[in-house]
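Here's the structure, in structure tokens; my notes come after.
All values below were derived from every heavy atom in this structure, side-chain atoms included, with hydrogens, water molecules and symmetry-related copies excluded. Letters go in sequence order (proteins before strands), and every chain restarts at 1.
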Protein chains: 2
Amino acid sequence: MSTVSPSTRNRGNRRAEILEAAAGLFAARGFHGVSIEDIGGAVGISGPALYRHFSGKDALLSEMLLDVSSRLRESAVAVATSSPGPAETLDALLNVQITFAIEQPALITVHDRELGNVPEPARRQIRRLQRLYVEEWVTVLAELHPACPAARLRAATHAVFGLLNSTPHSAGELPAQDMRPLLHTMARAAIEASVNAR
Amino acid sequence: MSTVSPSTRNRGNRRAEILEAAAGLFAARGFHGVSIEDIGGAVGISGPALYRHFSGKDALLSEMLLDVSSRLRESAVAVATSSPGPAETLDALLNVQITFAIEQPALITVHDRELGNVPEPARRQIRRLQRLYVEEWVTVLAELHPACPAARLRAATHAVFGLLNSTPHSAGELPAQDMRPLLHTMARAAIEASVNAR
DNA sequence: CTGGGATGTTAGTCATCATTAACGTAATCG
DNA sequence: CGATTACGTTAATGATGACTAACATCCCAG
């Protein structure tokens, strides 16, 4: 049997707990607006204890963004390979992004604001994953609308991300139960229009 | 005659120059990621010289956001009072926001990220202007679709802002000449859909 | 002229902050 | 048992950064 020590068992939890707290703080005040002390305090430990779990503030951010972009990308790939056709894939991609935006608003916020503060080794990898995620969308859209130039599809995809990721800004306006179909409908309509324009 | 000294004549220019440079830096690295030295350096003067023009870093940010939100709000009011009907008003509001997003991406970015770093006196005022701007949109949408609950219209408005403000993220994907009608079309379609849903 | 305001400059000052050091304490494992 | 490991703690330490002080310049008004 793989011996699972309590330390091994707990370590992941602690790390996850820290990452979650940090995401909330980063989203609210920005990377440089949050101190190591703040993050520690948010999980009940104090300042330098963080260094038992992460090699530094930068590494913490890197791991956070790497994790988000991998998860998004993986979900997209999973959805694309298991859907019967492009129309269903697009639908599923919308659901993936909407779920993420509604359930992890802080992560989404940090994800598209703080890439500039990630140091170079990780930065490239995150960018790569983001690019692959976008390409997943563009590929599906291209299948559905072969006549539309890729540049336009890419621009439309970014615009749709902006629409879907607006959730953090309009928090509380509408219950998630209503927000979800609203976003889906709006995004679908926006995509249709983008592709038929002119 | 009102005596206009050269100092008076130049002061505004210098201040505007500083505000513009600061907006770019804040958009790229976040408020706390930019130093007074950085801002000064960007306009060819060095660090503490900024205090001849602004009482501090906070005041600089306050003025920047106050200016943006007033301008948006004023444009919206102007457009609303001069349009023949709600359909034309909505169209004009779209154009206002699109123009702003395309021509001043840095300001738009700072505007919806850094409110949290504005100290209290100004913060309330900026929030007020932002709220009034949103209400301008909601009012027009309500005229066009009286059956739709206001909460949904408000959520849809925020989503459309997210869509339109995505420009900074997809910079360079498409020339502004193509981006403009694309955004207009997508936003219009999204609004229609939001209001007809269910 | 000449004095003062506007606008800069450089050298402090004082906080804040990331990071490291030195040091406990439990629990685990041999 | 005994020692290693995982996790925390509280003091440095060293940078960086906002803001202030003290000191030039330039230019216009009287």
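- Rounded to a whole Å, the CG atom of A:Asp38 is 7 Å from the P atom of C:dC17.
- For the residue pair B:Thr99/B:Arg180, the side-chain donor-acceptor check at 3.5 Å is satisfied.
- Look at CG on B:Asp58: it is 12 Å from C1' on D:dC19, rounded to the nearest Å.
- Sorted by first and then second residue, the pairs that involve residues 70-86 of chain A and meet side chain to side chain donor-acceptor pair (under 3.5 Å), not counting sequence neighbours, are A:Asp67-A:Arg71.
- Taking atom CZ on A:Arg14 and atom C1' on D:dA6, their separation rounds to 12 Å, with Å as the unit.
- Between B:Ala156 and A:Met186, the shortest heavy-atom distance links the atoms O-CE, 3.6 Å.
- If you measure from atom CZ of B:Arg15 to atom P of C:dA6, you get 13 Å, rounded to the nearest angstrom.
- Every residue two or more places apart in sequence or in another chain that forms a salt bridge (Lys or Arg N to Asp or Glu O under 4.0 Å) with A:Glu173 is listed here: B:Arg154.
- Using a 4.0 Å cutoff on non-hydrogen atoms, no part of residues 23-37 of chain B comes near DNA chain C.
- Between A:His184 and A:Asn95, the side chains place a donor N or O and an acceptor N or O closer than 3.5 Å (distance only, hydrogens not considered).
- The interatomic distance linking A:His53 (NE2) with C:dT19 (P) rounds to 16 Å, in whole Å.
- Listed by residue number, A:Ile45, A:Ser46, A:Pro48, A:Ala49 are the residues of residues 40-50 of chain A with a heavy-atom contact under 4.0 Å to DNA chain D.
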Contacts under 3.5 angstrom, residues 137-148 of chain A side chains, donor-acceptor by atom type, not counting sequence neighbours:
| unit_1 | atom_1 | unit_2 | atom_2 | d |
| --- | --- | --- | --- | --- |
| A:Trp137 | NE1 | A:Tyr133 | OH | 3.4 |
| A:Thr139 | OG1 | A:Glu135 | O | 2.7 |

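- Regarding B:Arg52, its CZ atom lies at a distance of 12 Å from the C1' atom of D:dT25, rounded to whole Å.
- In this structure a side-chain-to-backbone donor-acceptor pair under 3.5 Å is present from A:Lys57 to A:Val34.
- For the pair B:Leu60 CG and D:dC19 C1', the computed distance is 14 Å after rounding to whole Å.
- Here C:dT7 presents its C1' atom at 13 Å from CD of B:Glu17, a figure rounded to the nearest Å.
- Taking A:Glu63 as the reference, A:Arg15 meet the salt bridge (Lys or Arg N to Asp or Glu O under 4.0 Å) condition, with sequence neighbours excluded.
- Using a 4.5 Å heavy-atom cutoff, the side chains of B:Val160 and A:Leu163 are not in contact.
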